[in-house]
Amino acid sequence: MCTNQKIIFFGSDEIAIPCLNALREISQSLEICGVLTQPDRRSGRGRKLLPNPIKKWALEFGIPVMDPVKPGIAEAEWIEKLGADLVLIMAYGHILKNDILNIAPQGCFNLHASLLPKYRGASPIETAVALGEVQTGVTLMKVIPQMDAGPVIDSESVQIEVEDTGLGVRSKIAQACIPLLARNISGLLTGDYLSKKQNDADATYCRKLSKADGCLDFNLPARELLSRHRAFSGWPGSYFFHGDKILRVGKISINKGLDQLQPGHRCKINQNTLIVGTATGAVEILELQKPGGTMLPIADFLRGYCLPKDIIFESPHDRASLIF
């Protein structure tokens, strides 16, 4: 690698921190010269403006930062002034135009958290888990002004185990970025790499998640319901309605002995448990939390909260597809 080669990083999510740390250790001649990230957001009970994890990381190491609502001319001039050889992106959240993409002489590259062309878009990790995939990964691609559609340079696969949550798979993908970059960064900086055009006919797209995605839909099969619960464990979590109250779900499992229950119907056999029918099979809710309460084992919860034995839990009527 040549001396004094500079990378500018675009990103806002802590998933990128392991690869950023690895980049700092690859070579003393490689410098992360700047970070472009999202603006501070209000968070917590006090609704204070707080920096995202990438901005905090950059400030900790004294790396220049810009955090515009949307990158434009000022940011393009800033990148040019920094003299970056290459732009690297992960989980930044904007589709970039050519006036940004073409500044760095060696180009602009993205680490996308799926095996492209599958799961382009905003929630590839959670969507892969929710839809029951057994494998996903991270793809290194050249960026073009079209969402996650650029030519692929390399990828690193990770397995989704049966108990993995969305947060667990995020951690796996964060670590998978390290070997992927280690074997490719030199070629990216010298232009010595091969790429392959994606087959757009095989592409699927995943949307941005919303709080509504956490609402348990008992019209789904039990296995799919459990997959969605695992996927959304970090955010938005899982819940269902009892009247106008939101009951948040902790642990949940498939109950294999009650296939005759109708979707949303509670099993009447044992009043110390909460087993609910689905489209195929039943799920047993093992932990619940009422508004203003704490998460409790279901037997403890039911001692202090009345759920009728013949209750039918409603499911959302307008559940949006996770992919399109």
Side-chain angles (χ1 to χ4, degrees), residues 123 125-134 136 160-169 206-207 209-324:
S123 58
I125 298 172
E126 293 78 9
T127 300
V129 177
L131 296 183
E133 296 282 1
V134 297
T136 187
I160 303 177
E161 306 297 340
V162 68
E163 297 298 328
D164 277 345
T165 64
L167 288 174
V169 177
C206 51
R207 58 175 173 78
L209 299 177
S210 72
K211 289 183 180 180
D213 289 310
C215 187
L216 293 182
D217 184 351
F218 297 110
N219 291 311
L220 294 172
R223 192 162 298 281
E224 185 174 344
L225 199 67
L226 184 61
S227 293
R228 290 173 69 99
H229 173 72
R230 289 165 38 225
F232 306 146
S233 62
W235 190 89
S238 295
Y239 62 91
F240 60 91
F241 286 95
H242 175 221
D244 60 354
K245 293 185 175 65
I246 293 177
L247 302 183
R248 296 205 163 271
V249 178
K251 294 179 182 177
I252 188 173
S253 66
I254 293 177
N255 185 292
K256 297 180 180 179
L258 293 167
D259 290 343
Q260 76 279 10
L261 280 175
Q262 295 298 306
H265 288 229
R266 181 187 180 186
C267 176
K268 302 177 184 179
I269 296 173
N270 188 339
Q271 294 305 293
N272 294 319
T273 63
L274 183 56
I275 301 170
V276 184
T278 71
T280 305
V283 292
E284 182 168 0
I285 296 170
L286 303 173
E287 293 178 334
L288 268 183
Q289 177 183 354
K290 66 181 180 181
T294 57
M295 190 67 70
L296 294 172
I298 195 63
D300 295 339
F301 180 88
L302 292 173
R303 274 195 287 270
Y305 188 98
C306 181
L307 281 176
K309 62 181 181 180
D310 57 350
I311 192 169
I312 301 173
F313 298 108
E314 292 189 7
S315 293
H317 299 295
D318 54 352
R319 181 174 57 89
S321 174
L322 291 170
I323 58 171
F324 55 95

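In this text the structure is predicted, and so the values were computed from the model without any measurement. Each residue takes its place number in the sequence, starting with 1.
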Inset, instruction - Indicate the atoms forming the closest heavy-atom contact of Leu261 with Gly277, along with that distance. - result: CB-CA, 3.6 Å
Legend entry - Side-chain heavy-atom pair Leu302, Leu307 within 4.5 angstrom cut-off: yes
Legend entry - Nearest-0.5 Å distance that lies between atom CG in Asp310 and atom NE2 in His265: 10.0 Å
Inset, instruction - Mark yes when over 12 heavy atoms from residues, nucleotides or ligands other than Glu314 sit less than 6.0 Å from its CD; otherwise mark no. - result: no
Legend entry - Ser253 backbone acceptor or donor facing Glu284 side chain under 3.5 Å: no
Inset, instruction - Indicate yes or no for a side-chain donor-acceptor contact from Arg207 to the backbone of Ala320 under 3.5 Å, with no hydrogens or angles considered. - result: yes
Legend entry - For Leu296, all residues meeting side-chain contact (heavy atoms from CB on, under 4.5 Å), sequence neighbours excluded: Thr294, Asp300, Phe301
Legend entry - Residues which pass side-chain contact (heavy atoms from CB on, under 4.5 Å) with Cys215, listed by chain and number, not counting sequence neighbours: Tyr239, Phe241, Pro316
Legend entry - Nearest-0.5 Å distance that lies between atom OH in Tyr305 and atom CG in Leu247: 4.5 Å
Inset, instruction - Give the minimum heavy-atom separation between Ala282 and Ile275, together with the two atoms involved. - result: CB-CG2, 3.9 Å
Legend entry - Thr136 side, atom OG1; Ile160 side, atom CD1 - distance, nearest 0.5 Å: 5.0 Å
Inset, instruction - Answer whether the closest heavy-atom distance between the side chains of Arg266 and Gln271 falls below 4.5 Å. - result: yes
Legend entry - Closest non-hydrogen atom pair between Thr278 and Leu220, with its separation: CB-O, 3.1 Å
Legend entry - Euclidean distance, Arg303 CZ relative to Ile298 CD1, rounded to 0.5 Å: 10.5 Å
Legend entry - Stepwise side-chain contact (heavy atoms from CB on, under 4.5 Å) test for Glu133 and Val169: CA-CA 11 Å; Glu133 296 282 1; Val169 177; over 6 Å; no
Taking distance alone, no hydrogens or angles, what donor-acceptor pairs closer than 3.5 Å link side-chain atoms of residues 221-229 to residues at least two apart or in another chain?
from   : atom 1 : to     : atom 2 : distance (Å)
Ser227 : OG     : Arg223 : O      : 3.1
His229 : ND1    : Ser238 : OG     : 2.8
His229 : NE2    : Gly250 : O      : 2.7

Inset, instruction - Using a 4.5 Å cut-off on heavy atoms from C-beta on, say whether the side chain of Leu322 contacts that of Ser123. - result: no
Inset, instruction - Look up atom CG in Leu167 and atom CZ in Arg230, then write down how far apart they are to the nearest 0.5 Å. - result: 12.0 Å
Inset, instruction - Grab the two heavy atoms, one from Val129 and one from Asp164, that are nearest each other, plus how far apart they are. - result: CG1-O, 4.0 Å
Inset, instruction - List the atom of Ser210, the atom of Pro236, and the distance in Å for their closest heavy-atom pair. - result: O-CG, 3.5 Å
Inset, instruction - Flag yes if more than 12 heavy atoms outside Glu163 fall under 6.0 Å of its CD atom; otherwise flag no. - result: no
Inset, instruction - Decide yes or no for Leu288 and His242: does some side-chain heavy atom of the first lie under 4.5 Å from some side-chain heavy atom of the second? - result: no
Inset, instruction - Taking all heavy atoms of Gly166 and all of Ile125, pick out the closest pair and write down the distance. - result: O-CG2, 3.8 Å
Legend entry - Reported CG-to-CD distance for the pair Leu274 and Glu287, which is rounded to 0.5 angstrom: 12.5 Å
Inset, instruction - Mind telling me whether Phe218 and Phe240 have parallel, tilted or perpendicular rings, with 30° and 60° as the class edges? - result: perpendicular
